[in-house]
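Since the structure comes first, as structure tokens, the remarks are kept for the end.
Each chain gets a letter, A, B and so on, in the order its sequence line appears, and its residues count up from 1.
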Number of protein chains: 2
Amino acid sequence: MKTRAKPTVDLMFRAFSDRTRLRILHMLTGGELCVCDIVAVLRVPQPKASRHLAYLRRAGLVTARKEGLWSYYELAPARDAFHKKLLDCLGCCFSEVPELAADAKQLAARRPC
Amino acid sequence: MKTRAKPTVDLMFRAFSDRTRLRILHMLTGGELCVCDIVAVLRVPQPKASRHLAYLRRAGLVTARKEGLWSYYELAPARDAFHKKLLDCLGCCFSEVPELAADAKQLAARRPC
DNA sequence: TTTTCATATTCGCTTAGGCAAATATAACCT
DNA sequence: AGGTTATATTTGCCTAAGCGAATATGAAAA
């Protein structure tokens, strides 16, 4: 197994500094999702989603779980006060980043599947 | 005068994603400082400090005031809930970024000047 | 075992942004 | 004017990291 060193604060901030990753993180505040959900909602090429998910993994912000062909991602639980505050920022982004509302709506429409 | 467009969330996060800028921001939580203070405490070349201060200005995180030869920088007041949360993260970084404590100590020693 | 499906990684290219060194600007002093 | 001081910007170089396109991996299905 590969236990990873605790990611640095600046790497974690950097993980938040990209629109696509912000959208993914915000989607995950609603709970675990599989890659295909993310690809469908963001309307983004699959390799791009995977690439950003890998970045978020390295930053310790999400965890992945494999089940058959599918990979499910969820927000990693906050490891410390800083991590918690950082996640708090996600909620506040909602009114600042226009895509987030549209994504949430799209995701809600997908739920029944 | 040049009124600037409101910086995007991702630019603001990116501003936090560099050690030197984190140290500057943290120093400024104690109040206004001049560039020479920052250069002295961080022990960093002056152009490097100016470069990062310019970045923070562009991100809307600090404001500059000129007085004769000196430039004084301070944290910009939070413009919205997101900005406020982001500034909250600064406090939590203290225990995560080792340099911050040393900087605070250095700065305190300089105060009487 | 060949195919298919979901996901991950690699490649080649381009831009952002870090750094040090040098230089510019602008205010004050003489 | 000429010099000094504090700060800002430019230059050249190098790495991180974004992108799309192509390819690899690995599990299930046929």
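- Annotation: salt bridge (Lys or Arg N to Asp or Glu O under 4.0 Å) contacts involving residues 44-53 of chain A, sequence neighbours excluded, are absent.
- The pair A/Glu74-A/Arg65 fails the salt-bridge criterion, with no side-chain N (NZ, NE, NH1 or NH2) lying under 4.0 Å from an Asp/Glu carboxylate O.
- With sequence neighbours excluded, the residues that form a side chain to side chain donor-acceptor pair (under 3.5 Å) with B/Asp103 are B/Arg23.
- First and last contacts of DNA chain D with chain A, using any nucleotide atom under 4.0 Å from a protein heavy atom and ordered 5' to 3', fall at D/dA17 to D/dA28.
- Counting only residues at least two apart or on different chains, the ring-ring contact (aromatic ring centres under 6.0 Å, His included) pairs with a member in residues 51-107 of chain A are A/Phe13-A/Phe82, A/His26-A/Phe94.
- Every residue two or more places apart in sequence or in another chain that forms a side chain to side chain contact (heavy atoms under 4.5 Å, CB included) with B/Ala81 is listed here: A/Cys92.
- The side chain to side chain contact (heavy atoms under 4.5 Å, CB included) search around A/Ala59 returns A/Leu11, A/Ala15, A/Leu61, not counting sequence neighbours.
- The end-to-end axis angle of the helix from C/dT1-D/dA30 to C/dT30-D/dA1, rounded to 10 degrees and based on five pairs per end, is 0°.
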Check your understanding: Going 5' to 3' along nucleotides 6-20 of chain C, which nucleotides have protein heavy atoms under 4.0 Å from the base (write B), which only from the sugar-phosphate (write S), and which from neither (write -)?
Key -> SBBB-------SSBB
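- Partners of B/Ser50 according to the side chain to side chain donor-acceptor pair (under 3.5 Å) rule, which considers only residues two or more places apart in sequence or in another chain, are B/Gln46.
- Contacts of B/Arg19 classified as side chain to side chain donor-acceptor pair (under 3.5 Å), with partners at least two apart in sequence or in another chain: A/Asp10, B/Glu99.
- Taking A/Asp88 as the reference, nothing meets the side chain to side chain donor-acceptor pair (under 3.5 Å) condition, with sequence neighbours excluded.
- For B/Arg79, there are no salt bridge (Lys or Arg N to Asp or Glu O under 4.0 Å) partners, not counting sequence neighbours.
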